[in-house]
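One structure below.
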Amino acid sequence: MQPLWLCWALWVLPLAGPGATLTGEQLLDSLLQQLQLSEAPVLDRADMEELAVPAQVRAQYVALLQRSHRDHSRGKRFSQSFREVAGRFLASEASTHLLVFSMEQRLPPNRELVQAVLRLFQEPVPRAALHRHGRLSPRSDRARVTVEWLSVRDDGSNRTSLIDSRLVSVHESGWKAFDVTEAVNFWQQLSRPRQPLLLQVSVQREHLGPGASEAHRLVRFASQGTPEGRGEPQLELHTLDLRDYGAQGDCDPEAPVTEGTRCCRQEMYIDLQGMKWAENWVLEPPGFLAHECVGTCQQPPEALAFKWPVLGPRQCIASETASLPMIVSIKEGGRTRPQVVSLPNMRVQKCSCASDGALVPRRLQP
């Protein structure tokens, strides 16, 4: 027989640094790394006179070029205010709980997520229950609480992703906080935005084996409100209004960049034909529009920044990049042949304001 929560779920259905300008040295280092070379090959013009690029090599290069315009790599995301979302325990077993949060209209398009915090109220353990378990040693009076994101695929199957895990003591009570930013980032990438956010909370013993403590059975989280109405699970969404704190898109080509320029993407052309190391080695492209992130970002008020002391000042960074396909000449066994390579994160697609220490979200895999 399937657990209750499972039945319900089936039914529901590198640039160098922030804003850094790409240099010829960085481009060369990336190319050497891709080709597993220690230095750039020295090819004279005689090696290239009879070299022709076969149709299949050129077709591969064009296919990579087209794909690079569709597939973007994402960087940091950052924001600085929050709202609370009340959740509920949909179903519970002895040590596993399923939390359901309605997310509709909780994250408007003009706000960007920096942190999501799940708060659960740990109930105090009755004295009688502690007495039945006997004296617990400091190493056996803890339990591990694990939070996983639960998603339902289009075919009805479930999958979970580990989000956060921490130890709690059976002698404690009160609110416990878990960082579930990655779970909300995963939820945002779903193709069905009306689906609720599902979080699976498990309480497990810390040590395995026949003599392991059963103290984890004493850890309980409030499934109903306390008399003061403060026991429901809470999801805090810390966000930033991008109209005030975000980037402005592409720079105005008619306006010079100054200290007061708001973060934007500026055109920057990399001329490969003008680089000595690329001569007779890089066949395509002769150059490319790399773009760069320039300008400054508005800083949050000190009262908000104090809540996240690990985060540094917000900077203008490349938040989305694209790869750069190339055709290079390779010399093997005295013969020269063309080869296609793809260098990641070479072209800036989008600039954003972000902070050192902010989460870099993973892409949700199919």
Side-chain angles (χ1 to χ4, degrees), residues 5-6 8-9 12 74-93 95-108 111-123 143-153 158-168 172 174-204 216 219-223 230-240 304 307-311 354-355 357-365:
W5 63 265
L6 180 59
W8 181 90
V12 169
R74 303 182 68 180
K76 297 182 180 180
R77 309 178 75 184
F78 181 84
S79 45
Q80 281 290 6
S81 66
F82 80 91
R83 68 173 69 189
E84 289 187 357
V85 182
R88 60 191 176 94
F89 285 95
L90 181 75
S92 296
E93 292 182 338
S95 300
T96 302
H97 314 281
L98 181 66
L99 297 177
V100 182
F101 293 95
S102 174
M103 300 293 287
E104 229 176 318
Q105 298 181 342
R106 299 294 185 177
L107 289 170
R111 304 197 73 90
E112 192 172 357
L113 178 73
V114 61
Q115 188 179 37
V117 179
L118 172 66
R119 297 191 182 277
L120 301 176
F121 188 83
Q122 182 180 347
E123 297 178 330
R144 179 161 296 280
V145 180
T146 300
V147 180
E148 297 174 293
W149 176 64
L150 175 67
S151 63
V152 184
R153 295 187 176 95
N158 292 338
R159 70 167 172 183
T160 57
S161 300
L162 177 63
I163 300 300
D164 198 5
S165 181
R166 57 171 294 190
L167 292 174
V168 300
E172 297 176 353
W175 291 102
K176 305 297 179 184
F178 302 87
D179 189 335
V180 294
T181 309
E182 192 165 44
V184 179
N185 277 321
F186 283 158
W187 174 85
Q188 287 181 301
Q189 297 177 45
L190 293 176
S191 58
R192 296 163 292 166
R194 294 182 179 273
Q195 177 177 325
L197 175 69
L198 305 178
L199 298 176
Q200 180 175 295
V201 180
S202 303
V203 183
Q204 304 157 332
H216 68 286
V219 176
R220 303 282 182 175
F221 293 110
S223 57
R230 298 186 305 164
E232 296 88 350
Q234 297 291 325
L235 180 66
E236 294 179 358
L237 301 179
H238 300 257
T239 64
L240 179 73
L304 291 178
K307 295 181 180 180
W308 297 279
V310 298
L311 298 181
S355 173
L359 175 72
V360 179
R362 287 186 294 169
R363 275 292 199 187
L364 181 62
Q365 300 299 320

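Index from 1, following the sequence. Just so it is clear, the model here is predicted, and its values are computed rather than measured.
Closest of all the heavy-atom pairs between Met103 and Leu235 is SD-CD2, 3.9 Å. Nearest heavy atom pair, residue Arg166 against residue Ala177, reads NH1-O, 3.4 Å. When all heavy atoms of Val100 and Pro196 are compared, the closest pair comes out as CG1-CB, 3.8 Å. The shortest non-hydrogen separation linking Glu232 to Trp175 is O-CH2, 3.2 Å. The two residues Val180 and Ile163 have their closest heavy-atom pair at CA-CG2, 3.5 Å. Nearest heavy-atom pair, Ala116 versus Asp179, reported as atom, atom and distance to 0.1 Å: O-OD1, 3.5 Å.
With rounding to the nearest 0.5 angstrom, the CZ atom of Arg106 is 11.5 Å from the CG atom of Leu197. A distance of 11.5 Å separates CZ of Arg119 from NZ of Lys176, quoted to the nearest 0.5 Å. Interatomic distance, NE2 of His97 versus CZ of Arg220, reported as 7.0 Å (0.5 Å rounding). Residue Gln115 holds its CD atom at 12.0 Å from OG1 of Thr239, rounded to the nearest 0.5 Å. Once rounded to the nearest 0.5 Å, the distance linking CD of Gln189 with OG of Ser151 reads 11.0 Å. Note that the CD atom of Glu148 and the CG atom of Leu162 stand 6.0 Å from one another [nearest 0.5 Å].
Taking the side chain to side chain donor-acceptor pair (under 3.5 Å) definition, one finds that Ser202 meets it with nothing, sequence neighbours left out.
In this structure, Trp149 and Phe186 have tilted ring planes: the angle between them lies in the 30° to 60° band.
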**Request:** Report the C-alpha distance between Leu199 and Leu150 in whole Å, list the side-chain angles of each, state the deciding distance to 0.1 Å, and finish with yes or no for side chain to side chain contact (heavy atoms under 4.5 Å, CB included).
**Result:** CA-CA 6 Å; Leu199 298 176; Leu150 175 67; over 6 Å; no

**Request:** In sequence, state the C-alpha distance, the side-chain angles, and the governing distance for Leu99 and Leu118, and then conclude on side chain to side chain contact (heavy atoms under 4.5 Å, CB included).
**Result:** CA-CA 10 Å; Leu99 297 177; Leu118 172 66; 3.8 Å; yes

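Remark: side-chain polar atoms of Trp187 are not paired, donor with acceptor, to backbone N or O of Leu198 under 3.5 angstrom. In this structure a side-chain-to-backbone donor-acceptor pair under 3.5 Å is present from Gln122 to Glu172.
Residues Phe178 and Leu120 meet the side-chain proximity criterion, which asks for heavy atoms closer than 4.5 Å. Taking 4.5 Å as the limit, some side-chain heavy atom of Leu107 sits within range of a side-chain heavy atom of Val184.
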